[in-house]
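Keep in mind that this is a model prediction, so the values were computed, not measured.
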Amino acid sequence: MTTTSLNQLSGKERFSRWVNARRKWIFAAPAMIFTAILIGFPIGWTLYLSVTDAKGSVRAPADFIGFENYLDVLTDVDRFWPAALRTGVFTFGALAIELIAGMCIALLLWRPFKAQKWVRVAILLPFVATPVAIAMMWRLIFDPNIGFANRLLGWIGIAPQPWFSEPATTLPTLMFVDIWEFTPMIAIILLAGLTSLSDEPDEAARIDGASAWQRFWYVTLPLLRPVVLVAVLLRSIDALKTFDLLYVVKGQGGGSFHEAETLNIYVYGLSFKYNDFGTASAVLIIFFLMILFVMWLLTFRRKGAKL
Amino acid sequence: MTPKNSERSAPVKHRRPARLKAYSAFRGTMIVLVVLAFLVPLAWMVMASFKTNVDIHDTSKSFLFTPILDNYSHVLGNDNYLGFVWNSFWVAFCSTGISLLIGVPAAYSMSRFNMQKSALLVLLARIIPGVSLLVPWYYVFANLGWVGGYGVLIVSHMFILIPISVYIMMSFFDSMPIELEEASLVDGLTPIGAFLRILLPLSVPGIATAGILSFIFSWNNFMFALVLSGANTKTLPVAVFDFVSYASIDWGAIMAAACIMTLPIIVIALFAQKYIVSGLTAGATKG
C-alpha cells in the first residue's frame, strides 16, 4: 500500500508497524500468560503431590508412592464418597429447584407491569450481596431458639425445626439457602432470554389454538434452550465449588459429623488443617475431573455453548 | 365487519376483561410474594442490626422494637473495622483495574480473531476449584515473602476477575460491527489506533459492566483472603468471620458488621442494576 520503504521509517514508526502487525497476540498475551502461570504451575504441582506422601510442610521432601493416594481416596467410604455424594446432592438438588422456581419467576415478571424495574432490583440483591453476610444472616434466622424461621413456623402452628443444628436437617437447610440466594440469578438470566425472544412464534401458536401451557412447552421453552443451558452451566460450576456458605455455617470438616462436608470443604480441611497435601492433591485431581466431566456432559454435542 | 360478527364477539369482549382482571390480581399477588420472599430475610438482618441482644432474643419484639445504634458504634469503634473496609476497597479497586487493563484487549483479540482455544484457556480459570490453587500459591507466595501483603490478594482476585472481564467483553465485542474498524482504517488510523480511539470509547458500557461485576466479585470473595491475607490486610468477609469465631455470639454486632459489608454492594445494585444484569446475561441471550 505505502510506497515508503522500511529503511526510511523512523524507529518509532517501525515499532508501531511491528506492534500493529502482531496485535492479535500482543493483546491476548498478558491474559493468557497470567492465567497459564497461575493455573499451569498449580496443576502440575498438584499432579506431582498427588503421587507423593507429602505431609506436614510442603517444603519437606516427599517420597514417590505411585497411585496409593488415589487408591486410598477411592476406597475411602468414610469421608471421600459421602463428601462426593453431598457435593452432587447439594449441587444438582439445589440447581433443579432453582431452575424450576427461576423459570416460574421469569415467566411471572416477563410481561411489563408497573414497578417492574424495582422488582428486578429487589431480586438482584440476594446473589450480589456478600455471601459471608448472607450465611451469617441465615444462621441467625435458622437459630433453633431465637431464629425467625421457627417463630414463623410457630405462627402457623408447626413445631420448631432444628435446621442447622442437627446433622439430618443441615444439608437440606443449606440447600434452601443456596436456592434462596441463586434462584433470582437464574430468573434474571431466563428473563433476559424471554425478553429477547420474538413474539411471532408465540402468536402463531396462539392463532393455531394452542393453550398457554402448550405454547410454553412447545414454543417458548425450545427457543429458550440455549439460555437455559448458559444458566445451568454458570450455576453448576459455582455450586460445585460452594465454599463461603458451608464454611461460615459449619466450619472446617463440615460440622461435628461432617454433615456439610462437600469435596471443596474436604480438600480445604485436608490442606489447611491436616497439611495432608498428598491426599488432598489426589482428591483435587479427582474433583477436577468430575467437574470437567459434568461440564462435558452439559455441553456435549451442543455447539456454540460458551462458558 | 358484519353486524353478525360484532354480535358474536361482544360477549367475549365482556368476559375477557373479567378474566384478565382476575389474572392480573393473581399475578400481582404472586409478584408481591416473590419480592417478600427475597427481601424479608434481608430486612430481618437489617432489623437485628438495630436491636439490642435482649430484643433479638425476645419473640414479642419481632418487628416492634426501639432501634439502637450501639451495634454499629461497637463494630466501627473496635476491631479496626474501617481498616478492613479500606482493605476490601483497595484490593477490589486494584484487582478490578488491572483485570480490565489485561482482560479488555485480550477479549478484543479473542473476539475479532476467533481465538477459541485461547479463550478456553482463560475461561478454564472459571471452572477450576480455587482450593486446588491455594496450596501451591501459598507455598510460592510464602517463599517470596508476599503472603499477608496486598499484592498477593490482588493477584489471587485477578485470577477470578480476568475470566469474568474476558467473558463479558468478548460477548460485547462480538456484538460490535466490524465495519466500525474498517471505516477508521480507511480514515488512516492504525489498527491499534482504531482500537484505542474508536472502539474503546464505544465500549464504555461494556467496560462498566465488567468493572462493576468484577468489583462485586472481589469485594465478596472469601476463600482466597481467608488463606492469603495477613492481620493487617484482612478483607471484610474474613474480618467478619473472625469476629464470629472469637466473640461469643453477639448477634446484634454480627448483623451490623454484615450490613456494613453488604451496604456498598446494595448501593451499586440500586444504581447499576442495568449493568449487572447485562453482565450476568452476557452471552446468554445470543444463544
Give the member of [options] that has the highest number of heavy-atom pairs under 4.5 Å with chain B.
options                                : result
A:Arg151, A:Met136, A:Lys241           : A:Arg151
A:Glu181, A:Met137, A:Lys117, A:Lys114 : A:Met137
A:Val228, A:Val248, A:Ile123, A:Leu191 : A:Val248
A:Val19, A:Leu284, A:Leu140, A:Ile285  : A:Leu140
A:Leu292, A:Leu263, A:Asp238           : A:Asp238
A:Ile43, A:Thr46, A:Leu125, A:Val267   : A:Leu125

Contact origin within [X] toward chain A - heavy atom pairs under 4.5 Å:
X        : answer
B:Ile192 : both
B:Val122 : both
B:Ala257 : neither
B:Leu134 : both
B:Met115 : side chain
B:Tyr108 : side chain
B:Val155 : both
B:Met110 : side chain
B:Ile31  : both
B:Val40  : side chain
B:Leu121 : both

message: Other residues, nucleotides and ligands only: do more than 12 of their heavy atoms fall within 6.0 Å of CZ on A:Phe41?
response: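 Count over threshold, so yes.
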
**OP:** Give a yes or no on this: more than 12 heavy atoms of other residues, nucleotides or ligands lie within 6.0 Å of atom CZ of B:Phe271.
**Re:**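 Counting other residues, nucleotides and ligands, CZ of B:Phe271 stays at 12 neighbours or fewer.
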
Between [atom1] on residue [X] and [atom2] on residue [Y], distance to nearest 0.5 Å:
X        : Y        : atom1 : atom2 : result
B:Met255 : A:Ile141 : CE    : CD1   : 8.0 Å
A:Thr130 : B:Trp219 : OG1   : CH2   : 7.5 Å
A:Ile189 : B:Leu280 : CD1   : CG    : 4.5 Å
B:Met158 : A:Leu38  : CE    : CG    : 8.0 Å
A:Phe287 : B:Ser132 : CZ    : OG    : 8.5 Å
B:Tyr139 : A:Phe277 : OH    : CZ    : 11.0 Å

Point to revise | A:Trp180 to B:Ala37 - nearest heavy-atom pair and separation | key: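 Taking A:Trp180 first and B:Ala37 second, the nearest heavy atoms are NE1-O, 2.9 Å.
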
Exercise for review: Could you walk me through whether B:Phe241 and A:Tyr247 pass ring-ring contact (aromatic ring centres under 6.0 Å, His included), step by step?
Suggested key: CA-CA 10 Å; B:Phe241 178 71; A:Tyr247 195 79; 5.4 Å; yes

Is the ring centre of B:Phe195 less than 6.0 Å from the ring centre of A:Phe27?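 Ring centres of A:Phe27 and B:Phe195 closer than 6.0 Å.
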
Next on the checklist: Tell me which one of B:Ile102, B:Ile162, B:Leu101 satisfies side-chain contact (heavy atoms from CB on, under 4.5 Å) with A:Pro30.
Outcome noted: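 That would be B:Ile102.
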
**Asked** Is a side-chain donor or acceptor of A:Asn264 paired with a backbone partner of B:Pro129 at a separation under 3.5 angstrom?
**Response**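 Side chain of A:Asn264 to backbone of B:Pro129, a donor-acceptor pair under 3.5 Å: no, none is there.
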
